[in-house]
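A short write-up of the structure that comes next.
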There are 2 protein chains.
Amino acid sequence: MNPWPVPAPDLPADVHPALAATARAAAGAYGEARGRFTRAQLREEVADGADGTPTMRVDEIVEAAVAEAARAAGVNLLSEEAGFLDHGSAATLVVDPVDGSANAATGVPLSCFAGALVLDDRPVEALTTWFDTGRSWHARAGEPTPFRTTGRTALKGANVCLLRPKRGTEEAWLRVANQADRVRVLCTTCLEAMLVAEGAVDAFADPGSDTHRLMDLIAALVTVPAAGGVLLDLHGRPLTFDPDLTRRWSGIAAASPELADELIATILG
Amino acid sequence: MNPWPVPAPDLPADVHPALAATARAAAGAYGEARGRFTRAQLREEVADGADGTPTMRVDEIVEAAVAEAARAAGVNLLSEEAGFLDHGSAATLVVDPVDGSANAATGVPLSCFAGALVLDDRPVEALTTWFDTGRSWHARAGEPTPFRTTGRTALKGANVCLLRPKRGTEEAWLRVANQADRVRVLCTTCLEAMLVAEGAVDAFADPGSDTHRLMDLIAALVTVPAAGGVLLDLHGRPLTFDPDLTRRWSGIAAASPELADELIATILG
C-alpha cells in the first residue's frame, strides 16, 4: 500500500462548482483507493477506455467518482474512459480524472486531476489539482492568472520537461535535450504544463509522438495562455472540442511564442 | 516568488537528534528563502563549492543553516559546499543540504534534504526529507524499514528513473529506456532513490556519467538495502566515507540485486 495521504484540493473560492466538485471527488476517490489497493492492484489493466487505451484500476475508480459528481452537478462529461456522458446541459466538463495514471498507480507522487468547462464548444475555465499536495491552478480564458510563465524566449539554456522518447522520436528528443540546460521527464503532461504556467520550467514538449488526447491538453489550453505562455500542437492542428477520443495531438506548452516556435523547429529538425 | 509553503519535516520519533535538527534547519531555511528571493535569484551562482561545482544561492542559504545546526548538535559535518567541518566529534553527518538544487531554485517541487550519520567511517543511519511535502524516509543500517522495494528482478517492463542523458551516455540511456516500461527523469537522485526504496519505481540509474558525490548516494546506501534493494556503483567501486569531495560515482539503486546487475550490463553494453 501507498501510505501517504491525499489532501483535499486547495481551491480558490471562485472555481465553477462543477469543476470544484469533480476535482474534490477525484482526490477523494484516489486517496481512498490508495488505502484499499496495493500499488500493483491500482496499476492492473481492467478494461479498455473510450479513447482506445487500456484503463488501469486507478483510472476506473477515480473516473467513476468524477462521473457521479458531474451527474450530480448537472453538467455533461467528456472523459477518458467513459467517453461522452450527456446529462442534457449546455455545459460540458472535459476531464482527465487521473493524469499520470502510471505515476498515480505505483505511487510516484506526480499525478493530478485536470478539467475544463466547455460552453458551446468553447473552453472557458480550467482547473488542475496535484493529488499529492492539493495544489491547484485555476484560470479563466482571457483573464490573466496571478502565476506567470518565465517569459523565456530561447531554447539554449532553457529548463524543459519532455515526454519520454519513444521509438521514432529519439533523435528529436535528443536535439531538444542537448540544447536545453535541464531536462525532466515527469510523465504527467497536465502537471508539467502547470509548471510551465507558474514559471518553474520554461516549456513542456511531446517531441512528435502524437500521444495527447483533448483532455490531456484542454486545461493547459486555457491556463498557459492566461499565464502569459502558449499551448500549441507541433503540426499546427487547432485544439478544438471534439467528443471523438481517437484524435491525437503533439502538445507544446511554452513560456513564450518565440520559445514554442524554436521548440517546434528543433523537433521537426 | 514561489508561493507554495515548505512544511516542517514529518519525522519519526527515533531519528538521531543531529539528523533531525539538520533536516528541520534545511526545510526551514529553504521555505524562508522561497519567500524572500525570486526563482531567478535562488538559481544564481554565487560561489564555487568544495566539490568543485558552482554553488547556487539556494544551496548557500540552506547549507549555512545546516552547518549551524550541526555545530549546535556537536557533530562534524561533511557537506557539498563547505567541505569537512570538524567539530571535534566521533560522529560526522554527511549531508546534501539541497538535493535537486535546480528544481529547488526554479520551483519544480522535487528536491530534498538527505543525510547520513557516520560513526568511525561507517554510515549507520540515514534520513531523506522531501521539502515540498515533508515526507521523510528514515533507516538504520542493517535494520529492515517498514517501506519495501518492489522486489522486481527484470529490466524488461520495469519502471525506472534515470539521470538525464549527457553527451557520451545517450546510447546507454536509450538502451535502458527502450527496455523499460516507464522512464522518468526527476533530477533529484536522493528522492528518486527513496522512490526505489518505497516501491514506487523499480530502479534509479546514472547511465555512466559519474555525476554523483558521496552525499548524493550515502543516504540511499543505508536506506535502499534496509528496504530490500541494493545501491551499487556502475563500475563496482565501493562507496566509502572519504572527505575528498572530488571523488565521483555512477550510482545504481535497484529493487533487487538481479535488476541492478541487468541494469549495469545494459548500460555497459
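Sequence lines set the chain letters: A, B, ... in the order given, protein chains first and strands last, and positions in each chain run from 1. Side-chain atoms are counted along with the backbone in the values below, which use heavy atoms only and exclude waters and symmetry mates.
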Test item: B:Asn178 and A:Glu170 side chains (from C-beta on) under 4.5 Å apart, heavy atoms: yes

Within the 6.0 Å centroid threshold, strictly below: B:Trp173 and A:Trp173: yes

Intermediate values then yes/no, side chain to side chain contact (heavy atoms under 4.5 Å, CB included), B:Arg43 and A:Asn159: CA-CA 12 Å; B:Arg43 195 181 183 182; A:Asn159 199 359; 4.1 Å; yes

Engaged part of B:Ala180 at the chain A interface, taking heavy atoms whose separation is under 4.5 Å: backbone

Smallest separation among heavy atoms of B:Pro165 and A:Leu174, with atom names: CG-CD2, 4.2 Å

Within-4.5 Å side-chain heavy-atom neighbours: B:Arg164 and A:Val185: no

Minimum heavy-atom distance A:Glu198-B:Gly107, with the two atoms named: OE2-O, 4.1 Å

Least distance between heavy atoms, A:Leu195 atom then B:Pro109 atom: CD2-CD, 3.8 Å

Most contacts with chain A, counted as non-hydrogen pairs under 4.5 angstrom, among B:Asp181, B:Val201, B:Asp10: B:Asp181

Which of B:Arg135, B:Lys166, B:Arg39, B:Met1 touches chain A most, by non-hydrogen pairs under 4.5 Å: B:Arg135

B:Arg184-A:Asn103 side chain donor-acceptor pair, cut-off 3.5 Å: yes

Residue selection (most heavy-atom pairs with chain A, distance under 4.5 Å) from B:Pro3, B:Gly199, B:Cys161: B:Gly199

Spacing of B:Leu110 atom CG and A:Leu110 atom CG [to the nearest 0.5 Å]: 5.0 Å

Approximate separation, where rounding is to 0.5 Å, of B:Trp130 CH2 and A:Asp132 CG: 5.5 Å

